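Single-structure report; data block below.
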Amino acid sequence: MFGPVMSSSVALSLRCAASGCQGIRRSIATVISGNKTSKLVRNRLKEEVDKMTSQFSGFRPGLVVLQVGDRDDSNLYISSKLRAAAEIGIDAKHVRLPNTATEDEVLRSIMSINENPSVHGLIVQLPLDSVNHIDSELITNSVSPEKDVDGLSCINAGKLSRGDLSNCFIPCTPNGCMELIRQTGVSVAGKHAVVIGRSKIVGAPMHDLLLWNHATVTTCHSKTPDLPGQVGRADILVVGAGRAEMVRGDWLKDGAVVIDCGINHVPDETKAGGKRVVGDVHYASANQRAGFITPVPGGVGPMTVAMLMENTVQSAQRFLLRR
Ligand code: NAP
Ligand code: L37
């Protein structure tokens, strides 16, 4: 879609003196910037929304982010979604329910948003933060499939698993990962892709997307034996395990494309707040082996936000075609 967005100090071939491997040529990975790529996507979406607004007399795509409770991480992610929406011209609302909300109250709120014709996208920010037991599967399946811009309902997940990609909403994080892989110029078809994680929001849809882009896909999880061995066969590796710096550089195949979804907070006394964010990949060592790598922060995270905007604009376009 766009030309590659890479760090300027990239694709260098260096002699690896620091690690004592004199004479062995090693390459430093090309960094794929999610910050830059997401900005390009958001700029394109702003143009599309401006066109819609002038063509359909003031029309704006509408998005609701429904939050139950008050998790700090969710608050941070939701605020960047609202900021991105405002920049693009999407009319976004944050609906907050207290952590005492019952399953029935959440369902009633979803039903009323489902029926509101000025809302084209509805997401329920996960995980739910409630003192009551709420079945999150029931909640995600109650979002109208036409407004399910997180792509987490069975209808959209089923279409994706069958390869009906142009007729569903693709979950934001895996969709963002695919966009970052596209940035590398490495074609997915015919490659061996390894996904670590099988969650509904990251690993499982990532597997489907890679498969229907014609990779041969191995999906690993907590019961997979010999994870380093599986990783070593990956031309393309996508990691969504939630384990700080678990994947080490020496596990990787030389030149692999490494996409790190992990967001983990680890103690760091040198930082304000006493912690810092790292991915699921040990960046410094992976950088010595990979061909391309996404940083954390500034990699997959901003793409998750951009892809939510993309799905919302797409939903509004489908709405305009239906009316
Ligand atoms: P999750 O629901 O906890 O799923 C984690 C998956 O990783 C599970 O399938 C689990 O296996 C697997 N796993 C855990 N430990 C493993 C190990 N040692 N070896 C192999 N597999 C292992 O988490 P999630 O919601 O998918 O999120 C994963 C990571 O991505 C987290 O760090 C999260 O913060 C991050 N995330 C980032 C974004 C973004 O925009 N950047 C968006 C969503 C999530 P089992 O199925 O066997 O338990
Ligand atoms: N669409 N996304 C959707 N639906 C959900 O239910 N949970 C969830 C979800 N996840 C989500 O929003 N994740 C997310 C994660 C990271 C960022 C944005 C969204 C992000 O922008 N991260 C920054 C900063 C990381 C930090 O400092 O904590 C980054 O650069 O990675």
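If you read the sequence from its start, that first residue is 1, and numbering goes on from there. Order of listing sets the numbers, starting from 1, for every ligand and every atom in it. Predicted, not measured: the structure shown is a model, and the values here were computed from it.
Here the heavy atom of the protein found nearest to atom 1 (N) of ligand 2 is D150 OD1, 2.5 Å. Among all non-hydrogen protein atoms, the one lying nearest atom 2 (N) of ligand 2 is K81 NZ, 3.1 Å. Remark: minimum distance from atom 10 (N) of ligand 2 to any protein heavy atom is reached at Q125 NE2, 3.8 Å. Closest protein heavy atom to atom 21 (O) of ligand 2: G301 C, 3.6 Å. Protein heavy atom closest to atom 7 (N) of ligand 2, with residue, atom name and distance, is L126 O, 2.8 Å. In this structure, atom 16 (C) of ligand 2 lies nearest to the protein heavy atom Y77 CE2, 3.4 Å. Regarding atom 42 (C) of ligand 1, its nearest protein heavy-atom neighbour is T173 OG1, 3.2 Å.
Counting the atoms of ligand 1 from 1 in the order shown, those under 4.0 Å from a heavy atom of T304 are 39 (C), 40 (O).
Within the 4.0 Å heavy-atom cutoff, G203 does not count among the residues contacting ligand 1. At least one heavy atom of I263 sits under 4.0 Å from some atom of ligand 2. V124 counts as a contact of ligand 2, since one of its heavy atoms falls under 4.0 Å from the ligand. Not a single heavy atom of T224 lies less than 4.0 angstrom from ligand 1.
In terms of polar-atom proximity, T304 is not counted as a contact of ligand 2, lacking any N or O under 3.5 Å from an N or O of the ligand.
Salt bridge present: D254 and R289 bring a charged side-chain N and a carboxylate O closer than 4.0 Å. For R83 and E87, the salt-bridge test fails: no basic side-chain N is under 4.0 Å from an acidic carboxylate O. Ionic pairing of E146 and R322 is not present here: no N-O contact between side-chain nitrogen and carboxylate oxygen is shorter than 4.0 angstrom. Between D164 and K159, no side-chain nitrogen of the basic residue sits less than 4.0 Å from a carboxylate oxygen of the acidic one, so the salt-bridge criterion is not met. Using a 4.0 Å cut-off between charged side-chain N and carboxylate O, R44 and E47 make no salt bridge. Classification of D70 and R96 as a salt-bridged pair holds, one side-chain N sitting under 4.0 Å from a carboxylate O.
Taking the centre and axis of the six-membered ring of Y77, the NZ or CZ atom of R71 falls outside the cone set by 45° and 6.0 Å.
Contact annotation for I201 and ligand 2: only side-chain heavy atoms (C-beta onward) come within less than 4.0 Å of the ligand. Within the 4.0 Å heavy-atom criterion, the part of L76 lying near ligand 2 is the side chain and not the backbone.
Distance check for atom 23 (C) of ligand 2: every protein heavy atom is found at 4.0 Å or beyond.
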